[in-house]
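These notes are about the structure you will find just below.
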Amino acid sequence: MPGQKLKALRNDRNITVRDVEQASRRIAEAKGDKRFQISNGWLTQLEKGISEPSICKLFSLSVIYHIKFFDLIRLYDVDIDEIAKYELVANPHVTQLLSAESPVKSGPVRVPESLSPSLAARGTGLITEKMRMVQQTTSALAAAGAAAITYGYIGLNDLTMYPLIWPGSFVWLDVTQNKLQPDAWHNEYERPIYFIELRDGYACGWCELQGNQLLIIPHHSSPATIRRFTYPKDAEIAGRVTGFETRCVGRVFNESKPSKPAKQFKAKTIGS
């Protein structure tokens, strides 16, 4: 229980309930805000699990117990390192660029080592031999000469590249390729796919530039339509898709009635 852990922290530091009350009163007076003050009765209720702490009182306890504030709030199952983890849980229907703190980006990337000669000589078939996998972080890949890698998520309402890339897929982006490239392509699999940053969110698709108009072109089998944006005022290239992980069964979206693009969310700092 969080309350019992708070009491243990206080006892380990030989701090009495009265010490907490007096110290918190000084903090409240210095800040000119009574919300930072902690009474004997309230602390007792908190340690018994009867009351829940406010952010101001947790701040005072952090100061008094000499413990980092973020470590203190973890006692209540609030971990700011999990913010990126829950972004997709909160907004699974919108296409988004995964933040730098995302465990998908910063965690290990599983990549296969070179196939054994016996496998390389075969045609299509089941692989009965164990393929050795190695784990490398994106920083290790970059150090080895790989392009700068970022990840994107295709929202469940985003049918732009369906059925080539299904909604709910993850895509790998080379953020150094942030300009449209006049590469020659012969079929849809060779045609460059880009991740685009919009004023209110993100999109993923084929692109064409007509004057100052950036066209986001959907797959020819998709129910989505071409979208136009003023470039680069309203749309910029975030990176080129270099790979993706997509499903091919178990549809979790409605193909027959594509909805309007859902409201997109982009990280903002306070005061921006």
I need the Glu245 CD to Trp166 CH2 distance, nearest 0.5 Å. 14.0 Å
Around atom NE2 of His220, are there more than 12 heavy atoms from other residues, nucleotides or ligands closer than 6.0 Å? yes
Check whether Thr246 reaches the backbone of Ile165 with its side chain - one donor and one acceptor, N or O, closer than 3.5 Å. no
Minimal non-hydrogen separation, Ile217 against Thr160, with atom names: O-CG2, 4.3 Å
Is the CG atom of Asp77 crowded by more than 12 outside heavy atoms at less than 6.0 Å? no
Can you tell me how far apart CD (Gln22) and CD (Gln37) are? Round to the nearest 0.5 Å. 11.0 Å
In this structure, would Leu164 and Trp185 fall into the same cluster of hydrophobic residues linked by side-chain contacts under 4.5 Å? no
Residues 52-72 vs side chain to side chain donor-acceptor pair (under 3.5 Å), sequence neighbours excluded, gives Asp71-Arg74
Leu6 with Met1, same ILVMFWY side-chain cluster at under 4.5 Å: no
Nearest non-hydrogen partners of Leu215 and Arg228, listed with the distance: CD1-NH1, 3.5 Å
Do you know which two heavy atoms are closest between Ile154 and Cys204, and how far apart they sit? CD1-CB, 3.6 Å
Joint cluster assignment, Leu43 & Ile50, ILVMFWY side-chain distance < 4.5 Å: no
By the definition side-chain contact (heavy atoms from CB on, under 4.5 Å), identify the one residue from Phe195, Tyr151, Phe244 that meets it with Trp172. Tyr151
Of Ile226, Thr225, Ile196, which meets side-chain contact (heavy atoms from CB on, under 4.5 Å) against Ile216? Ile196
Nearest 0.5 Å, please: how far is CG in Asp33 from CD1 in Ile27? 12.0 Å
Is Leu72 linked to Ile55 within one hydrophobic cluster, defined over Ile, Leu, Val, Met, Phe, Trp and Tyr using a side-chain heavy-atom separation of less than 4.5 Å? yes
If we ignore hydrogens and angles and just use 3.5 Å, is the side chain of Thr95 paired with the main-chain N or O of Gly155 as donor and acceptor? yes
Hey, what do you get for OH (Tyr231) to CD (Gln213), rounding to the nearest 0.5 Å? 12.5 Å
Donor-acceptor contact present, side-chain Gln181 to main-chain Lys179, <3.5 Å: yes
Nearest heavy-atom neighbours spanning Ala203 and Arg227: CB-NH2, 3.5 Å
Nearest non-hydrogen partners of Arg199 and Lys233, listed with the distance: NH1-O, 3.6 Å
Between the main-chain N or O of Gln177 and the side-chain N or O of Tyr194, is there a donor-acceptor pair closer than 3.5 Å? no
Minimum heavy-atom separation for Ile64 and Ser24, please, with both atom names. CD1-N, 3.8 Å
